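What you see is a predicted model, and the numbers here were worked out from it, not measured in a lab. Because only heavy atoms are used, hydrogens play no part in the values below, and waters and symmetry mates are left out as well, while side chains stay in. All ligand and atom numbering here is 1-based and tracks the order in the structure.
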Amino acid sequence: MIEYEAVAEQLRSQLSEKRYFHSIGVSQTAVRLAHQFGADVQKAALAGLLHDCARALPNAQLLSTAEEWGLRVDLIERCTPVLLHAKLGALLAARKYGVSDSEICQAIACHTTGGPGMTKLDKVIYLADVIEPSRSFQGVEELRKLAEESLNGALLAAYNQSVIHILHNGGLLHPDTVAGRNELVMQNRRELGSGGSLDE
Ligand SMILES: [Fe+2]
Ligand SMILES: [Fe+2]
């Protein structure tokens, strides 16, 4: 595993102070969640640290770099290029920061939209990004409380808040967000044995 401190130092020169401290907060929160829910703690620390490593790139550069690196850009990403910082961040983590672990790269790649079939590590990073200590949006305390009890419960609530926020701002919902949320709702129903039908 590559050296955390060396990566942190390199990252610090690439991000604003605010985003760097956000990244440290995500890393520390991810470590706590990984301990709590049984994900790999070292991978969580590094994925949390690097999750926003491509976030400082302006929209035009996100699109041009994605094309240059042969990344498939879907219609929603083309209209909302900031989403690409997740997938590009995964590539950058590998190419620039020497991360060779595919699980870490995958967690970085899905930290913004979420998606179906997420691993425990993916969920930990998604949630840590939303609830790390410097986050102060309305409803964050409720998410932090939920995260003390249930990874999937907190993740579903975080999806719901994200969807509501996007709708409120007239934004575009990425299909991966919808698919990730729907998967959790269906899983919850199965677990609760509610007998709720999928078309209600
Ligand atoms: Fe991000
Ligand atoms: Fe972030």
salt_bridge(R32, E148) N-O dist < 4.0 Å: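 Between E148 and R32 there is no salt bridge, as every charged N stays at least 4.0 Å from the carboxylate O atoms.
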
inquiry  = Under the side chain to side chain contact (heavy atoms under 4.5 Å, CB included) test against L83, which residue among V73, L172, T112 passes?
reply    =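 Exactly one candidate clears the test, T112.
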
Between the CD atom in Q106 and the CD1 atom in I104, the distance rounded to the nearest 0.5 Å is 11.5 Å

When rounded to the nearest 0.5 Å, the distance separating NE2 of H111 from NZ of K87 is 12.5 Å

- Task: Return the set of protein N, O or S atoms whose distance to the Fe ion (ligand 1) is under 2.8 Å, each given as residue and atom.
- Result: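 Under 2.8 Å from the Fe ion (ligand 1) - ignoring waters, which are not counted - the protein N, O or S atoms are D52 OD1, H85 NE2, H111 NE2.
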
Quiz item: Who passes salt bridge (charged side-chain N to carboxylate O under 4.0 Å, His left out) against D52, sequence neighbours left out?
Solution: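 Expected list: R19.
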
task = Assert yes or no for the condition that the ring centre distance of H51 to H22 is strictly below 6.0 Å.
result =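 Under 6.0 Å, so yes.
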
